[in-house]
Number of protein chains: 2
Amino acid sequence: MRITQEADYALRAIYYLSTLDAGARASANVIAKEQNIPLRFLLKLLQKLRDAGLVESFMGVNGGYALSKQPKDISFLDVIEAIDGPIYINRCLYDPEECNNLGVEYCSIHKALHQVQEKLKKDLSSINFQHILDENGSKEV
Amino acid sequence: MRITQEADYALRAIYYLSTLDAGARASANVIAKEQNIPLRFLLKLLQKLRDAGLVESFMGVNGGYALSKQPKDISFLDVIEAIDGPIYINRCLYDPEECNNLGVEYCSIHKALHQVQEKLKKDLSSINFQHILDENGSKEV
DNA sequence: TGAATGTACACCAAGTTAGTATAATATTGC
DNA sequence: GCAATATTATACTAACTTGGTGTACATTCA
């Protein structure tokens, strides 16, 4: 019942980009150092964030990465699902064929888990990076 | 972000025991057949449920397993944590020493995740097996 | 005693996770 | 054009987790 370390890194990479001026770029090297993320691992996960449309990348000298949306329009759910894939809290909800009980439709347990899952996704989608910026800004030491 | 298959089996084992008369026993063999769970795997997870105080076991002929509480007093969270261990949705929340950011206390991302985690646990603890019985009873075909 | 049951411990194959290695490609500035 | 700075692409790997099996033993009841 965990998000992967990779998704945790991704949240922090997006957070770091959120702290920059709108449209500003940061190289993977800088993000890696600032957020203490292994560089090569970061490079790989940034591809996923790009494929998901959350960041844009720029090659060459002065290249790097920038958010492709405003911080307020990027949720935790967006980032986590970009990295880990869609959230399914159990196997049956992911692939009903694998349900070795009666099937999701007829199984009260799986129905109940489904409701929990949807609440979880709603909670994660209600947090965006503007919230995080605001919280940090007001508590700056 | 999933519960294990083992936890899913455990929910169904507890559910099956809930359908019996209060205090009634069922052998692992019967539970395995009724719920389509591999027997040896079931035996192992029943130990965890016993260690967690959710079921009682009885050895010998006419032995088996019985709930040690009423269905209404066993929540999904109880069962899932008995099998998978405490729920922590990311590594930092499990072991703050492993947080390679500033630490949970000073990291807004991890604080936000913590809140999501607590909501998730609350949701899971709000579902008990009497609910599931009631739902199934009213929809019996 | 013997059949039916649970207990304990060890083992294992497959998949996932977190990370590394290497080589290639694109952009900029001189 | 060339060097330097970046990203991209592909492949590899060690460690861990998951889902499951095997074997031997202990307990209870008839």
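In what follows, every heavy atom counts, from backbone to side chain, and hydrogens, waters and symmetry copies are set aside. The sequence lines fix the lettering, A, B, ..., with proteins before strands; numbering per chain opens at 1. Values in this document were obtained by computation on a predicted structure and should not be read as measured data.
Minimum interatomic distance between B:Tyr9 and B:Leu45 (heavy atoms only, all atoms of both residues): CB-CD2, 3.7 Å. Between A:Ala66 and A:Gly23, the closest heavy-atom pair is CB-O, 3.9 Å. Considering all non-hydrogen atoms of both residues, B:Asp8 and B:Ile3 come closest at N-CD1, 4.2 Å.
Separating the NZ atom of B:Lys48 from the P atom of C:dG6 is a distance of 18 Å, rounded to the nearest angstrom. Summarising the geometry, the separation between OH on A:Tyr65 and P on D:dT5 is reported as 17 Å, rounded to the nearest angstrom. At whole-Å resolution of the value, CE in B:Met1 and P in C:dT16 are 18 Å apart. Atom NZ in B:Lys33 sits roughly 12 Å away from atom C1' in C:dA4 (whole-Å rounding). Atom CD of B:Glu56 and atom P of C:dT5 are 19 Å apart (whole Å). We find that CD of A:Gln47 is positioned 14 Å from C1' of C:dA24, with the value rounded to whole Å. At whole-Å resolution of the value, CE in B:Met59 and C1' in C:dG6 are 4 Å apart. Distance CG (B:Leu43) to P (C:dT5): 12 Å, rounded to an integer number of Å.
A continuous path of Ile, Leu, Val, Met, Phe, Trp and Tyr side chains, each step under 4.5 Å between heavy atoms, connects A:Leu39 with A:Tyr65, placing both in one hydrophobic cluster. Residues A:Met59 and A:Val61 are members of separate hydrophobic clusters, defined by side-chain heavy-atom contacts under 4.5 angstrom among Ile, Leu, Val, Met, Phe, Trp and Tyr. Residue A:Leu43 is not grouped with residue A:Phe58 when hydrophobic side chains (ILVMFWY) are merged at heavy-atom distances under 4.5 angstrom, including chains of intermediate members.
Summary of the strand contacts: B:Val61 and A:Ala28 both lie near DNA chain D, and taking for each the nucleotide with the nearest heavy atom, the more 5' one is attributed to A:Ala28.
Put simply, A:Ser27 has no side-chain N or O that comes within less than 4.0 Å of OP1 or OP2 on D:dT5.
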Scan nucleotides 13-22 of chain D nucleotide by nucleotide, 5' to 3', and note B when protein non-hydrogen atoms come under 4.0 Å of the base, S if they reach only the sugar-phosphate, - if neither.
-----SBBBB
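In the helix from C:dT1-D:dA30 to C:dC30-D:dG1, the end axes, each obtained as the rotation axis mapping the C1' atoms of four pairs onto the next four within a five-pair block, lie 10° apart to the nearest 10 degrees.
Under the ring-ring contact (aromatic ring centres under 6.0 Å, His included) rule, B:Phe129 has a single partner from B:Phe76, B:Tyr16, B:Tyr15, which is B:Phe76.
Of the candidates C:dT28, D:dT8, D:dA26, C:dT28 carries the atom nearest the A:Asn62 side chain, counting heavy atoms from C-beta on.
Within the cation-pi definition used here (under 6.0 Å to the ring centroid, within 45° of the axis), A:Arg2 does not qualify as a partner of B:Tyr88.
Screening residues 44-59 of chain A for salt bridge (charged side-chain N to carboxylate O under 4.0 Å, His left out) gives A:Glu6-A:Lys48 as the qualifying pairs, with residues at least two apart or on separate chains.
Nucleic acid contact for B:Arg50: sugar-phosphate only, since backbone atoms but no base atoms lie under 4.0 Å from a heavy atom of the residue. At a threshold of 4.0 angstrom between heavy atoms, the contacts of A:Leu46 with the nucleic acid are absent.
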